[in-house]
Amino acid sequence: MSEVSVTKNAEGSPPAGDQLVVLDNVNKHFGALHVLQDIDLTINRGEVVVVIGPSGSGKSTLCRTINRLETIDSGSITIDGKPLPQEGRELARLRADVGMVFQSFNLFAHKTVLENVMLGQTKVRKTDKAAAEQKARALLDRVGVGTQADKYPAQLSGGQQQRVAIARALAMDPKVMLFDEPTSALDPEMINEVLDVMQQLARDGMTMVVVTHEMGFARSAANRVVFMADGRIIEEAEPNQFFNNPRSDRAKDFLSKIL
Ligand code: ADP
Ligand code: MG
């Protein structure tokens, strides 16, 4: 399990500089639906936070607000000390600090694997082509798909495509990586090859927010489990504490259905 080395102050919370993503009293509605309710959540540098909860509880919306794919109605979100801007060039830059991996891969179908991993670097980071290619190849090797570089996404298995999606996100040198059910669309035999890449990333110290139903991953990789229901954070705890001794009835009920 990855160790988080944060210097704790007297109150036991890490100093402000170690707080990478801070959501403060965030609220969001979809029409009459109060999808995020008074969300307070701090993610520290190097921390792996696994978000679990029933379908419809707001997990995806939470992820999408963190890189501003969704606006919020009230409250604030800061990333590395900077408030998330509403639009413009600042937003593009800040969004590039937040890597996102979706359930459905979302690779560009008409670009090769290599081009998929180069594109953000050349367009957003303004990296020159040779450097972008070198970095893309190194990242594709790192996630175990280096030999697939010249193929198109459709020629790859789901597990390979998802690893390309992870490489593409990493190519932007994000400060934090968000994973929204990255293995939910995969055939069972491909789940572990993606989880293994995520485990390694966690061990390498990447700050990660992971929405997943893979409780084995949560137990072994998470520093903290956040349990959501009905748009609220009901419970936050270390994985052992959460899985062995959930405090709330909602969490007990949820765990009894999935474990
Ligand atoms: P989860 O990821 O936990 O399953 P979501 O964040 O996807 O939950 O959705 C939370 C609730 O918000 C659900 O009731 C869903 O139907 C609703 N919802 C999500 N996206 C939208 C949208 N764009 N417009 C309206 N309702 C939405
Ligand atoms: Mg979801």
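Start at 1 and go down the list; that is how both ligands and their atoms are numbered.
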Lys129 with Glu133: basic N within carboxylate O range, under 4.0 Å
no
Below 4.0 angstrom, N of the basic side chain to O of the carboxylate: do Lys257 and Asp253 qualify?
yes
Going by heavy atoms, is Gly58 under 4.0 Å from ligand 1?
yes
Close approach, Gly31 and ligand 1, non-hydrogen under 4.0 angstrom
no
Quick one: does Arg68's side chain get under 4.5 Å of Leu91's, heavy atoms only?
yes
Side-chain contact test, heavy atoms from C-beta onward, threshold under 4.5 Å: evaluate it for Met177 versus Val101 and give yes or no.
yes
Do any non-hydrogen protein atoms sit less than 4.0 Å from atom 15 (C) of ligand 1?
no
Sub-4.0 Å protein heavy atom next to atom 7 (O) of ligand 1:
yes
So which heavy atom in the protein is nearest [atom], and how far is it from that ligand atom?
atom                    : result
atom 3 (O) of ligand 1  : Lys59 NZ, 2.7 Å
atom 19 (C) of ligand 1 : Phe30 CE1, 3.4 Å
atom 17 (C) of ligand 1 : Leu33 CD2, 3.6 Å

Counting only nitrogen or oxygen atoms and a 3.5 angstrom limit, does Val35 reach ligand 1?
no
Min N/O separation Glu70 to ligand 1 under 3.5 Å
no
What is the distance from atom CZ of Phe217 to atom CE of Met198, rounded to the nearest 0.5 Å?
4.0 Å
Taking the six-membered ring of Phe30 (Phe, Tyr or Trp), confirm whether the NZ or CZ of Lys28 is under 6.0 Å from its centre and within 45° of its axis.
yes
Would Lys135 and Asp173 satisfy salt bridge (charged side-chain N to carboxylate O under 4.0 Å, His left out), going step by step from the backbone distance to the final call?
CA-CA 11 Å; Lys135 183 168 185 175; Asp173 295 320; 2.7 Å; yes
Just wondering, is there an N, O or S atom on Ser60 that's nearer than 2.8 Å to the Mg ion (ligand 2)?
yes
